[in-house]
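A quick write-up on the structure given underneath.
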Amino acid sequence: MITALLLSGIIQGGFLAFLLLRKTANQLPNRILAMLIMVVMFHLFLICLDVRGLFTTYPHFSRLSWLLPLLYGPLIWLLTQSITDPDFHLHRRQLLSLVPFLIYLVILTPYFALPTVEKTAYLADARLVAQADFGWMNTLTNFMHVGFTAYALAAFYRNIRKRSEYFSNSELIDILWLKEFLWIVFSIMLFSVVTFYAHKYRLAYLSSIYPAHFLLVVMLVYWIAFKLLNEKTSLAPVSEAAAEQLPADQAEPAAKYAKSSLSGQVSGDIAERLKALMHSQKPYLNNNLTLSDLAAQLNIPRHQLSQVINTVFGVNFFEFINQYRLQEFKKQVLDPSNDHLSILGVALECGFNSKATFNQVFKKLEGITPSDFVKRYRESVEK
C-alpha cells in the first residue's frame with residue numbers, strides 16, 4: 001500500500017516537473033521548483049526500494065538517500081529568493097549553500113566506490129545498516145532541513161517588504177501559495193525529526209510511523225500540482241482577505257539614506273520631474289507598473305527613484321502609485337460618461353489590478369468602502 005502511494009507521488013511529480021519546465025513565464029523559479037520536485041521523485045523512489053527491501057538487489061542505490069536530501073534546503077531557499085526578491089540573480093556565492101551536499105559526497109564516495117559484493121554483504125546485516133542509517137550524518141541532515149527551511153521563511157518575510165518598493169499591486173507583493181508551501185514544508189521537516197528519533201529509540205506508537213511519514217511528501221506534491229495547475233501561474237494571486245493583511249505602512253525611514261550621495265537639490269528636482277510625469281503621462285494606469293518601469297521613463301537609476309519616493313513623499317512605491325490610482329478613480333467614477341461601468345470596472349481602468357488591491361487601498365486612504373463613497377456622492381447631488 002505504501003509503495004503504491006509513493007509511486008503515485010513519483011508519477012504526479014514527473015507530470016508536474018514536465019509542465020513546469022515547459023512554462024515560458026518565470027523560467028528561473030519554475031526550473032528551480034522542477035528540480036526540487038525531481039529530487040523529491042528520486043528520493044521517493046529510493047524509499048520504495050527501502051520499503052520493499054530491494055537495496056540488496058540494487059546495492060548501488062544504497063546510501064543515495066543519505067546524500068540526495070542535502071539538496072532540499074538549498075533548492076527551497078533558492079526557490080524562495082527567486083520568487084520573492086525582485087533583485088535576485090543567480091551568483092556563484094549562492095552555490096555555497098551546496099557545501100553540505102559536497103561534503104557529504106566526499107565522505108560517502110568511498111562507500112559508493114565499493115564493489116557490488118562488498119555492498120551486498122554490508123546490506124545483508126540489518127542491525128549494522130540500521131545503526132548507520134540513524135547515525136550522525138542523517139541526524140545532522142534532519143536539523144539542516146529545519147535550518148534551511150527556517151532561513152527560507154525568514155527570507156520570504158524579509159523580501160515581502162522589499163517587493164512593496166518594487167511592485168504597484170499587492171498580487172505581486174504577497175505570494176500566498178509560497179508562504180503556505182514553506183510553512184507546510186517546515187511542518188513536515190519538524191515531523192520528520194520527531195519520527196526519526198521515535199524510530200531510532202523505539203518509542204511506543206510513534207516508531208511505527210517511519211517510513212510512512214514520507215506519504216506527507218506525496219501529499220505535498222499533489223498540493224503543489226493543485227495550486228500551480230489550478231491557478232495557472234507560479235505566482236498565485238492573493239485572496240481579498242489576504243490582501244487586507246498586507247502591512248499598512250512600509251515606507252523606509254529616511255535614516256536608511258543618511259549616507260546617500262543624492263543631494264537635497266537633486267532629490268527635489270527628481271521629485272518635480274516625477275510629479276510632472278505622473279500628471280502628464282499617467283503611468284499609473286499601467287496595472288503592472290514597476291519601480292524599474294518608472295525609473296526608465298525618468299531616465300534615472302532605480303535606487304534613486306526609490307529614495308526620492310521614500311524620503312520626499314514619505315511613502316513606498318506601492319503606496320505612491322496607488323494614491324494616484326485612487327485619485328483617478330474618484331474622478332472617473334463620478335464622471336457621468338462612465339455610468340455604464342461598474343465600480344470595479346472603473347477601478348481597473350484606473351490602473352488597479354484587482355478588486356483585492358483596490359479595496360485595500362481605498363479603505364486605507366478613505367476610511368470607507370468604494371460603494372459607500374459613490375453612494376454618499378450621489379446622495380449629496382440629489383440634495
Give a yes or no answer on whether the side chain of Ser8 reaches the backbone of Leu5 with a donor-acceptor pair at less than 3.5 Å. yes
Phe61: ring pair (Phe, Tyr, Trp, His ring centres under 6.0 Å) partners, not counting sequence neighbours: Phe45
Going by ring pair (Phe, Tyr, Trp, His ring centres under 6.0 Å), name the pairs with one or both residues in residues 344-375, residues two or more places apart or in two chains. Phe329-Phe358, Phe329-Phe362, Phe352-Phe358, Phe358-Phe362, Phe362-Phe373
With a 3.5 Å distance limit and no angle check, can you tell me whether Asn338 reaches the backbone of Leu334 through a side-chain donor-acceptor pair? no
Measure across Val129 and Leu123 and return the closest heavy-atom pair with its distance rounded to 0.1 Å. CG2-CA, 3.7 Å
Please answer whether the main-chain N or O of Ser62 pairs with a side-chain N or O of Tyr111 as donor and acceptor at a distance below 3.5 Å. no
Scan side-chain atoms only and decide if Ser371 and Thr369 contain a donor-acceptor pair under the 3.5 Å cut-off. yes
side-chain hydrogen bond (donor to acceptor under 3.5 Å, both in side chains), that's the test. Do Tyr151 and Thr80 meet it? Break it down for me. CA-CA 10 Å; Tyr151 188 52; Thr80 302; over 6 Å; no
Can you name the residues that form a salt bridge (Lys or Arg N to Asp or Glu O under 4.0 Å) with Glu366, not counting sequence neighbours? Lys330
Just to verify, what does Glu328 make a salt bridge (Lys or Arg N to Asp or Glu O under 4.0 Å) with, not counting sequence neighbours? Lys282
Could you tell me if the ring centre of Phe320 sits under 6.0 Å from that of Tyr324? yes
Tell me if a side-chain donor or acceptor on Gln94 pairs with a main-chain N or O of His89 at a distance below 3.5 Å. yes
Hydrophobic cluster membership, Ile11 vs Phe214, 4.5 Å side-chain cutoff: no
Is the distance between the ring centroids of Phe134 and Phe196 under 6.0 Å? yes
With a 4.5 Å heavy-atom cut-off, do Leu6 and Leu215 have their side chains touching? yes
Taken in chain and number order and not counting sequence neighbours, the residues that satisfy salt bridge (Lys or Arg N to Asp or Glu O under 4.0 Å) with Lys331 are none
When you compare the side chain of Ile368 with that of Arg376, does any pair of heavy atoms fall below 4.5 Å? yes
Are Phe88 and Asn159 side-chain neighbours, meaning at least one heavy-atom pair lies under 4.5 Å? no
Does the side chain of Leu16 come within less than 4.5 Å of Leu33's, by heavy atoms? no
Asp85: partners by salt bridge (Lys or Arg N to Asp or Glu O under 4.0 Å), with sequence neighbours left out: Lys162
